[in-house]
Amino acid sequence: MKAVTILLLLVSIATVWSAAFEDREKYVRLERRGGIAALNAAVSAGELALKIQDRAVEVFNALDGAKALHERTRSLELVVANGSPHTLKFAGEYFDSGTWYSQPAILIQPDDATVATVANRQGSWFTGVTGGMSWEIFGTGMYLTIGFTNPYAGSFKTWIGVLDRASPKYGYDHAQDEYVKLVTSNGFNLIARLEDSNIADRRMVFAISNDE
């Protein structure tokens, strides 16, 4: 009986290890894909990283150090970085809770970025900030869509995808966990990740490039 129990335990452990190995291999294969790896590098230490820093400084100065933003119960710094050759045009937002603190640029040119801030509504109690945004990808008929959450109770969540319609609520509805997302969607490489922020609870970076 003990031998059977030990055998079953070993099989269970082997199954868990195998699943973990497969997940890790899947992640490594994704990282090695040129387009996504290049986009990740650009957002981390390349030209897009410099643009993100410039835009973040502009927002920081415009908000006078964002002292009032820090006083909100929940807040987020949202970065949209455009590593594609297409101009992005803001196509709408959806808030399940919270609102804008400072809005994004209407247009994001190639190799540029925009920084927006969102927070729970002033005077609200026990609420956070959750929602989504859509951006038209000029010349493609497609829309970059993101989702973000920083609820009063719960965890940070993100989502990013390219849809054939402007649907910011779709981004919010599909937001899940806070882990880095490296995906390819409708011919585009996409990244969503969380970082530390100097002006809000956290910074969420959403980036796009062509899948080449």
Side-chain angles (χ1 to χ4, degrees), residues 35-36 39 42-43 47-48 51-52 54-56 58-59 62-63 69 74-121 128-151 156-176 180-195 197 199-200 202-212:
I36 291 180
L39 178 60
V43 170
E47 288 298 320
L48 279 178
K51 287 294 185 180
I52 291 171
D54 289 345
R55 301 305 177 217
E58 290 172 2
V59 171
L63 298 181
L69 180 59
R74 295 289 185 271
S75 60
L76 288 171
E77 178 186 4
L78 303 177
V79 176
V80 179
N82 184 12
S84 81
H86 308 281
T87 298
L88 304 181
K89 181 180 180 182
F90 185 72
E93 80 276 10
Y94 170 81
F95 284 99
D96 185 69
S97 62
T99 188
W100 296 113
Y101 192 84
S102 64
Q103 296 190 14
I106 298 298
L107 297 177
I108 312 175
Q109 300 298 335
D111 298 319
D112 204 349
T114 188
V115 176
T117 54
V118 294
N120 61 294
R121 292 184 180 276
V129 57
T130 58
M133 288 191 286
S134 287
W135 299 80
E136 180 184 357
I137 307 171
F138 272 13
T140 68
M142 307 300 285
Y143 293 81
L144 172 65
T145 302
I146 69 173
F148 54 86
T149 76
N150 182 11
F156 297 104
K157 295 178 183 178
T158 62
W159 188 84
I160 187 167
V162 172
L163 306 177
D164 60 0
R165 63 196 183 283
S167 182
K169 186 176 185 299
Y170 185 97
Y172 163 72
D173 288 338
H174 290 79
Q176 57 178 333
V180 175
K181 296 171 180 65
L182 308 170
V183 299
T184 299
S185 176
N186 285 315
F188 292 92
N189 297 310
L190 306 170
I191 294 176
R193 71 187 197 192
L194 268 70
E195 299 178 352
S197 172
I199 61 176
R202 294 297 295 275
R203 169 189 283 179
M204 292 182 175
V205 177
F206 302 93
I208 181 173
S209 70
N210 277 30
D211 185 22
E212 300 174 349

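Quick note: residue numbers are just sequence positions, from 1. None of these values were measured; they are calculated from a predicted model.
- Contact record, Glu77 with Ser197: OE1-OG, 2.6 Å, taken as the closest heavy-atom pair.
- Checked against salt bridge (Lys or Arg N to Asp or Glu O under 4.0 Å), Asp96 has no partners two or more places apart in sequence or in another chain.
- Rounding to the nearest 0.5 Å gives a distance of 11.5 Å between CZ of Phe90 and CG of Leu144.
- The CD1 atom of Ile160 lies 8.0 Å from the CD1 atom of Ile191; values are rounded to the nearest 0.5 Å.
- By the side chain to side chain donor-acceptor pair (under 3.5 Å) test, Gln176 pairs with no residue at all, sequence neighbours left out.
- Note that the OH atom of Tyr172 and the OG1 atom of Thr130 stand 4.5 Å from one another [nearest 0.5 Å].
- Phe188 is listed as a side-chain neighbour of Ile137, based on a closest heavy-atom distance under 4.5 Å.
- Thr145 is not listed as a side-chain neighbour of Met133, based on a closest heavy-atom distance of 4.5 Å or more.
- Taking the ring axis of Tyr170 as reference, the NZ or CZ atom of Arg165 stays within 45° of it and closer than 6.0 Å to the ring centre.
- Between Ser185 and Leu190 the shortest heavy-atom distance is CB-CD1, 3.7 Å.
- Ion pairing of Lys89 with Glu136 is absent here, as no side-chain N (NZ or NE/NH1/NH2) approaches a carboxylate O to less than 4.0 Å.
- Residues passing the side chain to side chain donor-acceptor pair (under 3.5 Å) test with Lys169, sequence neighbours excluded: Asp173.
- When atom types are taken as modelled, the side chain of Asn189 and the backbone of Asn210 share a donor-acceptor pair closer than 3.5 angstrom.
- Note that CZ of Arg193 and CZ of Arg203 are 9.5 Å apart. Values are rounded to the nearest 0.5 Å.
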Output, in order, the C-alpha distance, side-chain angles, deciding distance and verdict of side-chain contact (heavy atoms from CB on, under 4.5 Å) for Asn150 and Met204. CA-CA 11 Å; Asn150 182 11; Met204 292 182 175; 5.6 Å; no
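- Once rounded to the nearest 0.5 Å, the distance linking CG of Leu39 with CG of Leu182 reads 8.5 Å.
- Applying the salt bridge (charged side-chain N to carboxylate O under 4.0 Å, His left out) test to every pair with at least one member in residues 102-118, sequence neighbours left out, gives these pairs: Arg55-Asp112.
- Under the side chain to side chain donor-acceptor pair (under 3.5 Å) criterion, Ser167 pairs with no residue, sequence neighbours left out.
- Separating the OG1 atom in Thr158 from the CG atom in Leu194 is a distance of 6.5 Å, to the nearest 0.5 Å.
- Results of the side chain to side chain contact (heavy atoms under 4.5 Å, CB included) test with Trp135 over Ile106, Asn82, Thr114 single out Thr114 as the only residue that passes.
- Residues Ala81 and Ile52 come closest through the heavy atom pair CB-CD1, 4.1 Å.
- The nearest pair of heavy atoms linking Pro110 to Ser84 is CB-O, 3.2 Å.
- Side-chain atoms of Gln109 and Thr87 include a donor-acceptor pair closer than 3.5 Å.
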One pair to check against side-chain contact (heavy atoms from CB on, under 4.5 Å): Val118 and Tyr101. What are the steps and the verdict? CA-CA 5 Å; Val118 294; Tyr101 192 84; 5.8 Å; no
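- Few gaps surround CD on Glu195; more than 12 heavy atoms of other groups in view lie less than 6.0 Å from it.
- Considering every non-hydrogen atom in both Ala116 and Trp100, the closest pair reads CB-CZ3, 3.9 Å.
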Step by step, work out the side-chain contact (heavy atoms from CB on, under 4.5 Å) result for Leu88 and Ile208. CA-CA 10 Å; Leu88 304 181; Ile208 181 173; 4.0 Å; yes
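- Across Thr117 and Leu63, no two heavy atoms sit closer than the pair OG1-CD1, 4.0 Å.
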Please walk me through it: do Trp159 and Lys157 pass side-chain contact (heavy atoms from CB on, under 4.5 Å)? CA-CA 7 Å; Trp159 188 84; Lys157 295 178 183 178; over 6 Å; no
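- A search for side chain to side chain donor-acceptor pair (under 3.5 Å) contacts involving Thr149 returns nothing, not counting sequence neighbours.
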